[in-house]
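Please read the structure below before turning to the comments.
Residues: numbered from 1 along the sequence shown. Both backbone and side-chain heavy atoms feed into the values below; hydrogens, waters and symmetry mates do not.
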Amino acid sequence: MSESTNQAAYLNRTISLVTGQTGPSANDKNSTTGNDTVDDSRHNISLQTSASSTSANMTGITDNRMYQPNDKSPLQIFVRAKKKINDIYGEIEEYVLETTTFITALHADAEIVDKAERELFESYVHKVAAIREVLQRDHMKVAFFGRTSNGKSSVINAMLREKILPSGIGHTTNCFCQVEGSDGGEAYLMKEGSDEKLNVVNIKQLANALCQEKLSESSLVRIFWPRERCSLLRDDVVFVDSPGVDVSANLDDWIDNHCINADVFVLVLNAESTMTRAEKQFFHTVSQKLSKPNIFILNNRWDASANEPEFQESELAKVKSQHTERCIDFLTKELKVSNEKEAAERVFFVSARETLQARIEEAKGNPPHMGAIAEGFQIRYFEFQDFERKFEECISQSAVKTKFQQHSSRGKSVSGDMRSMLDNIFERITIFRDLKQDQKNLLTERIQGTETQMMQVTREMKMKIHNMVEEVEEKVSKALNEEIWRLGVLIDEFNMPFHPERLVLNIYKKELNAHVESGLGSNLRARLSMALAMNVEAAQTEMTERMHALVPNEKLLTNSAKLAVRTQPFEMLYSLNCQNLCADFQEDLDFKFSWGITAMIQRFTGKVRERSKKQTPALLNRQSSIGHSVVTPVSTPVETTPVCLLPGTVVGGITPEQLSVISRFALSSIGSQGTVGGLVVAGIMLKTIGWRVLVGIGALYGCIYLYERLSWTNSAKERAFKSQYVRHATKKLKMIVDLTSANCSHQVQQELSSTFARLCRTVDTATTDMNEELKTLEAQLNVLESNQKQLKLLRNKANYIQNELDIFEHNYIAPQ
């Protein structure tokens, strides 16, 4: 490169500071000039300006620049970007924790979220926490390299405005020293691998190569300096000082351990010599490990040029141009990390020791030029400030891009992946919710149908039970009446020995009652029980089948025991209780001559009563047809049949009342005064029919009497007893026919009603279970709807985070 080009680049930086403008950077999209084009206004400035006049003009400019507020520093871009990305990642961490908590609760239902998905969400919590931890440690890092005694530590001290690092003649820096900001008010340092806080004074013993206590050249000493004492540290810049690149061959270890995350490298050269092979080799290694590193070259100790009076200004410009050309070739042709214009703006000629002294004087309240070492201080001081400005712009742009672009991309990846998984979960919940909704609709219809059918079946079963009860009552009444008519046959089957003695007779009656009760019960069971049991079983089976249709299949298996009918067939119980029923039976075993006068009269009066009973309904009907008309008595011929003894009729002029009185008188006269009565009757008959006939009739009558009297044995007494018992038992049993039939019908009604009630309870239980299941489905639907709302909210938060990261990249990364 020609001498004029180098001078133009120098003037470009000078005019930029004077006019308050910033020189065009490599990515300046508004710049229309080429790499080697210089503004015409810069060419109009004469290169022959004397050093003295330039020094006078720069004094005011320098003073004004020193006291400019720092809020417009390019480093604030990194500070704001770091704060913004930390805020965004705070939201991401909160979002990931909220989402993971939600997914963990949702994991209880394995159909929606499986274990792998839950673990994947949990992994994002650790990823985001790790990124946040890295973000807290992220800072702008600048590493200084060069040969021994080139002034690396002095440059750092000048930038920090205090003499912090050991510096001086010879090899002074023995290890890597990292200067970073501390929030406390006191400075301290820490050795690598130790948490002990040491006094900063110890840096002279630890890092100074001239002291006896030394560390290895790869060791790191971290120096924590209060942020309020240095604006660069306040803006999160970290300085790394290194031993000379010519003292060790472990360049790879240096780079891997201390420089791999550096945003800017500063090569400090000795302006009194040229760039060495060791320095070039180190940066060749850096460019291989890092893609296009940002490298600044400082030609330090330029103040020595003012102490060479034999050099004229033109010769001094040639030396400067030669150094500049070599540095630019090194950056563009050898390392290929920048173009010629960028390289020209990254080569500076400074005096670090002079700048440090000026800033120390400035801190004391004195003018900066009191720290000048040689003539031309203002130009060199300005050059150092120009380096700082370019350095701040470069490191801020580089750090924002290298430190935060990857974090922004990872944040987008995390939120995008989580949103994609939430979309999948939302779809599955939607499908699951639709399934639950269908189940709810089906269950609601089933419950309504069951209630409707239950009402209909209840009405039908009540009617069926009522009809069956009436049928049973009718059948039992009919069968019992028939058995009562056949009671004589049943009693004839009783063959227990009979004896008229009272004690034996009581036992006989007791056994006869039991025989009658057992026989009637057996006969009724034989005639009715089988048919009734089949009818009851058929009715129960019909009830069960009708109820089966109302109970869902899954509930039917659960309630099968409740739905089952009786394991034994229904058996009718016939409660006749003949012992109590016939307890008032009193037998009459005294001998009674069947042709005696009393017996004849009783037999005659009995027939008359039977006929009167038969004709009474006919007479009543005839009287009712006549109405209230008056019936005139008509005389009728006298009849000898008992029919004439009907109430309300007259026989031979003798009324029924008169006939009854005559009969009772005759019986009483014969029974109570038999002798007199017999004599009277005998006298009358003797006169009427003669004594021979009377004697014959008497003899025959006597023989008949004797025969009957001799025939009145135990067997005859037993037959008489059974006959009397049949009449008495028949009368008593007819009294309980209605009661027994009602009792049997009640048994059937109770059996069917209990079966139906049990089945109804089972159906009610199944309906209750279905209602509980319906409530469960409704609760599940509410949970699913709540989950869907929460998923929508989480998806919207993911979109919000994506938008925040897009805005961050647009504001801080895209313009770089």
So, taking the atom named OG in Ser477 and the one named CG in Leu739, what distance separates them when rounded to the nearest 0.5 Å? 11.5 Å
Cys760 side chain reached by Met547 side chain, heavy atoms, under 4.5 Å: yes
Backbone N/O of Lys440 and side chain of Thr444: donor-acceptor pair under 3.5 Å: yes
Please name all residues satisfying side-chain hydrogen bond (donor to acceptor under 3.5 Å, both in side chains) with Glu180, sequence neighbours left out, ordered by chain then number. Gln178, Arg222
Over 60° means perpendicular and under 30° means parallel, so classify the ring planes of Phe585 and His728, tilted if in between. tilted
Report the residues that fulfil side chain to side chain contact (heavy atoms under 4.5 Å, CB included) with Lys792, sequence neighbours left out, ordered by chain and then residue number. Phe426, Arg795
How would you list, by chain and number, every residue that makes a side-chain hydrogen bond (donor to acceptor under 3.5 Å, both in side chains) with Glu804, sequence neighbours excluded? Lys84
Residues Glu785, Lys789: salt bridge by 4.0 Å N-O rule: no
State whether Glu778 and Lys775 are salt-bridged, where the test is any N-O pair (Lys NZ or Arg NE/NH1/NH2 against Asp/Glu carboxylate O) under 4.0 Å. no
Spacing of CD1 belonging to Ile484 relative to CD1 belonging to Ile736, to within rounding of 0.5 Å: 7.0 Å
Minimal non-hydrogen separation, Leu550 against Thr450, with atom names: O-OG1, 3.5 Å
Whether Asp114 and Arg118 form a salt bridge (side-chain N of Lys/Arg under 4.0 Å from carboxylate O of Asp/Glu) is what I want to check. no
Would you check if Val128 and Val414 make a side-chain contact, meaning some heavy-atom pair closer than 4.5 Å? yes
Decide if atom NZ of Lys509 counts as having more than 12 heavy atoms of other residues, nucleotides or ligands within a radius under 6.0 Å. yes
Atom of Ala514, atom of Gln579 and distance for their closest heavy-atom approach: N-NE2, 3.7 Å
Scanning both residues in full, the closest heavy-atom pair of Met770 with Leu443 reads O-CD2, 3.3 Å
What distance separates Glu117 CD from Ile103 CD1, expressed to the nearest 0.5 Å? 7.5 Å
To the closest 0.5 Å, what do you measure between CD1 (Ile801) and CG (Asn796)? 11.5 Å
All pairs passing side chain to side chain donor-acceptor pair (under 3.5 Å) where residues 737-750 contributes a residue, at least two apart: none
Any salt bridge linking Asp584 with Lys732? Criterion: basic side-chain nitrogen under 4.0 Å from a carboxylate oxygen. yes
Pairing of Glu91 and Lys797 as salt bridge, 4.0 angstrom limit: no
Ser123: side chain to side chain contact (heavy atoms under 4.5 Å, CB included) partners, not counting sequence neighbours: Leu120
Salt bridge check, Lys191 against Glu196: does any charged N sit closer than 4.0 Å to a carboxylate O? no
Given side-chain hydrogen bond (donor to acceptor under 3.5 Å, both in side chains), test Gln437 with Asn441 step by step and report yes or no. CA-CA 6 Å; Gln437 186 64 44; Asn441 295 336; 3.3 Å; yes
How long is the span from the CG atom in Leu106 to the CD1 atom in Ile425, to the nearest 0.5 Å? 6.5 Å
Strictly by modelled atom types, are Asn799 and Arg419 linked by a side-chain donor-acceptor pair under 3.5 Å? yes
Answer yes or no: is there a side-chain heavy-atom contact under 4.5 Å between Val476 and Leu524? no
Would Thr767 and Glu451 satisfy side-chain hydrogen bond (donor to acceptor under 3.5 Å, both in side chains), going step by step from the backbone distance to the final call? CA-CA 8 Å; Thr767 304; Glu451 293 175 350; over 6 Å; no
What pair of heavy atoms forms the shortest contact from Glu809 to Ser408, and how long is it? OE2-OG, 2.7 Å
If we only count heavy atoms from C-beta on, is the Met140 to Val238 side-chain gap below 4.5 Å? no
Going by the rule salt bridge (Lys or Arg N to Asp or Glu O under 4.0 Å), which residues pair with Arg525 if we only count those two or more places apart in sequence or in a different chain? none
Can Gln780 and Arg433 be said to form a side-chain contact (heavy atoms from CB on, under 4.5 Å), step by step? CA-CA 8 Å; Gln780 291 176 351; Arg433 179 180 174 277; over 6 Å; no
Tell me if the CZ atom of Arg410 is crowded by more than 12 foreign heavy atoms within 6.0 Å. no
Taking every non-hydrogen atom, the tightest pair across Asn513 and Cys582: OD1-CB, 3.7 Å
Are Lys464 and Glu460 close enough, and set up right, to give a salt bridge (charged side-chain N to carboxylate O under 4.0 Å, His left out), and what steps lead you there? CA-CA 6 Å; Lys464 185 175 184 65; Glu460 294 178 359; over 6 Å; no
For Cys394, does its backbone N or O pair with a side-chain atom of Ser398 as donor and acceptor, under 3.5 Å? no
In sequence, state the C-alpha distance, the side-chain angles, and the governing distance for His139 and Asp263, and then conclude on side-chain hydrogen bond (donor to acceptor under 3.5 Å, both in side chains). CA-CA 9 Å; His139 42 247; Asp263 299 293; over 6 Å; no
With Phe78 via ring-ring contact (aromatic ring centres under 6.0 Å, His included) - residues at least two apart: Phe404
Quick one: list whatever passes side-chain hydrogen bond (donor to acceptor under 3.5 Å, both in side chains) with Ser415, sequence neighbours left out. Gln802
Report yes if some heavy atom in the side chain of Val240 is under 4.5 Å from a heavy atom in the side chain of Val179; otherwise report no. no
For Asn787, give me all partners under side-chain hydrogen bond (donor to acceptor under 3.5 Å, both in side chains), at least two apart in sequence or on another chain. none
Using distance alone, with no hydrogens and no angle criterion, decide if Glu773 and Gln439 have a side-chain donor and acceptor under 3.5 Å apart. no
Can any side-chain N or O of Thr768 pair as donor or acceptor with the backbone N or O of Asp764 at less than 3.5 Å? yes
All heavy atoms of Gly411 vs all of Ile92, minimum pair found to be CA-CD1, 4.1 Å
Who passes ring-ring contact (aromatic ring centres under 6.0 Å, His included) against Tyr124, sequence neighbours left out? none
Within the structure provided, determine whether Ile112 and Leu784 are in side-chain contact (heavy-atom separation under 4.5 Å). yes
Would you call Thr458 and Phe756 a side-chain contact if the rule is heavy atoms closer than 4.5 Å? yes
Checking Glu133 now: which residues fulfil salt bridge (Lys or Arg N to Asp or Glu O under 4.0 Å) with it, not counting sequence neighbours? Arg137
Taking ring-ring contact (aromatic ring centres under 6.0 Å, His included) as the definition, give me every residue that meets it alongside Phe494, ordered by chain and number, with sequence neighbours left out. Tyr508, His515
Given side chains that start at C-beta, do those of Leu520 and Leu733 come closer than 4.5 Å, heavy atoms only? yes
The reported gap from SG in Cys259 to CG in Leu290 (rounded to nearest 0.5 angstrom) is 8.5 Å
May I ask you to check whether over 12 heavy atoms, not counting those of Glu474, lie within 6.0 Å of atom CD? no
